[in-house]
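A short write-up of the structure that comes next.
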Amino acid sequence: VALHRRQALLHNVNNLPPLPWLLTFTLNFYIIKYGQGFLFFIVFLWSISVEEQFYTVLGVFLKYAKKLFVPFCILLIAMSLVFRFSYIHQSANIYFNSLSWIGTFASGGLLAYFCIHKGKVFESLKNIPLWVTSLVYMLFILNFIFYKQLYASDFMTAIERLSASLFFTFMIFEKSFC
């Protein structure tokens, strides 16, 4: 058994993704195209690739169109939903493609924007009644418990990340400001 494990590990070490995919932070696209048949602890770098891609695009956007940040974030959320609905039966794209994740980042960006600018939306959200907060947490727990049943349909799978983003965005806000 130990010999078999060692051979499997050596086989995977020899099957590293080509260096350009790692250096350009595009490993997520390599995985979509070629699969994950390489050294297992390198696979997690796909998520760093997605983050770097998003923050690079965000940096360029903020340099040239900072005033359009809120519409830009809303557009990213919409693009992510359209992408997820379009590729619902392609699990590699749903899981690894940057377009599938940008809505999550954009939700966090919107939260940051509203917290920094502290306008009417921010102030009204700070005064959410305790029963509403409790209800959201109960819905989150039920969402977690009945996850497999809730996200069994194509529609729910497509909005899964948006749902998670909304719950976590609410929780971060509520714990930080309420």
Side-chain angles (χ1 to χ4, degrees), residues 24-32 44-144 146-147 150-151 153-178:
T24 59
F25 296 105
T26 54
L27 183 63
N28 59 320
F29 295 113
Y30 177 88
I31 292 172
I32 291 168
F44 77 91
L45 292 175
W46 75 266
S47 67
I48 294 171
S49 296
V50 170
E51 291 172 32
E52 293 303 321
Q53 293 161 22
F54 176 79
Y55 290 122
T56 299
V57 169
L58 182 64
V60 171
F61 177 82
L62 289 175
K63 179 160 178 68
Y64 297 106
K66 189 176 187 175
K67 292 181 180 183
L68 298 173
F69 183 74
V70 171
F72 179 66
C73 287
I74 292 168
L75 175 66
L76 292 179
I77 292 168
M79 285 174 52
S80 184
L81 282 171
V82 168
F83 179 85
R84 290 181 62 79
F85 275 106
S86 300
Y87 288 87
I88 195 67
H89 296 290
Q90 295 181 17
S91 60
N93 268 306
I94 289 293
Y95 193 75
F96 294 108
N97 197 303
S98 305
L99 293 175
S100 184
W101 287 95
I102 58 172
T104 304
F105 290 100
S107 298
L110 285 174
L111 174 63
Y113 177 87
F114 288 118
C115 291
I116 289 169
H117 291 89
K118 297 184 179 176
K120 292 178 185 177
V121 173
F122 177 85
E123 292 302 325
S124 64
L125 288 174
K126 275 179 45 177
N127 298 316
I128 292 176
L130 181 59
W131 71 268
V132 173
T133 301
S134 301
L135 178 64
V136 172
Y137 278 98
M138 290 298 290
L139 288 172
F140 174 75
I141 292 167
L142 291 172
N143 189 59
F144 185 75
F146 297 107
Y147 178 84
L150 285 171
Y151 297 101
S153 71
D154 288 350
F155 176 80
M156 291 302 289
T157 298
I159 67 164
E160 169 190 21
R161 292 225 175 95
L162 177 60
S163 170
S165 294
L166 292 174
F167 278 123
F168 285 110
T169 299
F170 175 82
M171 286 188 253
I172 291 168
F173 178 85
E174 190 270 331
K175 291 298 173 200
S176 298
F177 298 103
C178 297

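What you see is a predicted model, and the numbers here were worked out from it, not measured in a lab.
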Notebook entry, point to check: Which pairs pass side-chain hydrogen bond (donor to acceptor under 3.5 Å, both in side chains) with one or both residues in residues 166-178, sequence neighbours excluded?
Noted result: Tyr137-Glu174

Margin query: Applying side chain to side chain donor-acceptor pair (under 3.5 Å), can you list everything that pairs with Ser153, at least two apart in sequence or on another chain?
Written below: none

Next item on the list: Please name all residues satisfying side chain to side chain donor-acceptor pair (under 3.5 Å) with Glu52, sequence neighbours left out, ordered by chain then number.
Entry: none

Check: Has the side chain of Ser49 got a donor or acceptor atom that lies under 3.5 Å from a matching backbone atom of Leu45?
Finding: yes

Checklist line | ring pair (Phe, Tyr, Trp, His ring centres under 6.0 Å) involving Phe144 - partner list, sequence neighbours excluded | finding: none

Notebook entry, point to check: CD1 of Ile94 to CD1 of Ile32: how many Å apart, nearest 0.5 Å?
Noted result: 10.0 Å

Next item on the list: Supply the atom-to-atom distance Ile159 CD1 to Asp154 CG, rounded to the nearest 0.5 angstrom.
Entry: 12.0 Å

Notebook entry, point to check: So, do Ile128 and Phe170 sit near enough that their side-chain heavy atoms are less than 4.5 Å apart?
Noted result: yes

Margin query: Contact between Leu110 and Val70 at the side-chain level, heavy atoms closer than 4.5 Å - yes or no?
Written below: yes

Next item on the list: Using a cut-off of 6.0 Å, state whether more than 12 heavy atoms not belonging to Tyr87 lie near its atom OH.
Entry: no

Check: Can you name the side chain to side chain donor-acceptor pair (under 3.5 Å) partners of Ser91, sequence neighbours left out?
Finding: none

Checklist line | Set of side chain to side chain donor-acceptor pair (under 3.5 Å) partners for Gln90, sequence neighbours left out | finding: Asn93

Item checked: Phe69 and Phe61 aromatic ring geometry - parallel, tilted or perpendicular at 30°/60° bounds -> tilted

Notebook entry, point to check: How many angstroms lie between CH2 in Trp101 and CG in Asn28, if you round to the nearest 0.5 Å?
Noted result: 11.0 Å

Next item on the list: Please list, chain by chain and in numerical order, all residues satisfying ring pair (Phe, Tyr, Trp, His ring centres under 6.0 Å) with Phe114, sequence neighbours excluded.
Entry: none

Checklist line | side-chain hydrogen bond (donor to acceptor under 3.5 Å, both in side chains) contacts touching residues 103-129 (sequence neighbours left out) | finding: Thr104-Ser165

Note to self: What's the separation between atom CG in Asn97 and atom CD1 in Ile31, rounded to the nearest 0.5 Å?
What the structure shows: 11.5 Å

Next item on the list: Decide yes or no for Leu125 and Phe177: does some side-chain heavy atom of the first lie under 4.5 Å from some side-chain heavy atom of the second?
Entry: no

Margin query: For residues 56-72, which residue pairs pass the side-chain hydrogen bond (donor to acceptor under 3.5 Å, both in side chains) check, not counting sequence neighbours?
Written below: none

Notebook entry, point to check: CD1/Ile141 to CZ/Phe146 distance, rounded to the nearest 0.5 angstrom?
Noted result: 11.5 Å

Note to self: Strictly by salt bridge (charged side-chain N to carboxylate O under 4.0 Å, His left out), give each pair with a member in residues 72-89 just once, sequence neighbours left out.
What the structure shows: Arg84-Glu160

Next item on the list: Report yes if the side chains of Phe25 and Glu51 come closer than 4.5 Å at any heavy-atom pair, otherwise no.
Entry: no

Only distances under 3.5 Å count here; give the side-chain donor-acceptor pairs of residues 71-78 to other protein atoms, sequence neighbours excluded, each with its distance to 0.1 Å.
none

Notebook entry, point to check: Does the side chain of Ser163 come under 3.5 Å of the side chain of Tyr151 through a donor N or O and an acceptor N or O?
Noted result: yes

Next item on the list: Supply the atom-to-atom distance Ser100 OG to Met79 CE, rounded to the nearest 0.5 angstrom.
Entry: 12.0 Å

Note to self: Measuring only between side-chain heavy atoms, which start at C-beta, is Phe173 closer than 4.5 Å to Cys115?
What the structure shows: yes

Next item on the list: Return the set of residues passing ring pair (Phe, Tyr, Trp, His ring centres under 6.0 Å) with Tyr95 (not counting sequence neighbours), or none when no residue passes.
Entry: Trp46

Next item on the list: Check whether any side-chain heavy atom of Ile88 sits under 4.5 Å from a side-chain heavy atom of Phe155, and report yes or no.
Entry: no

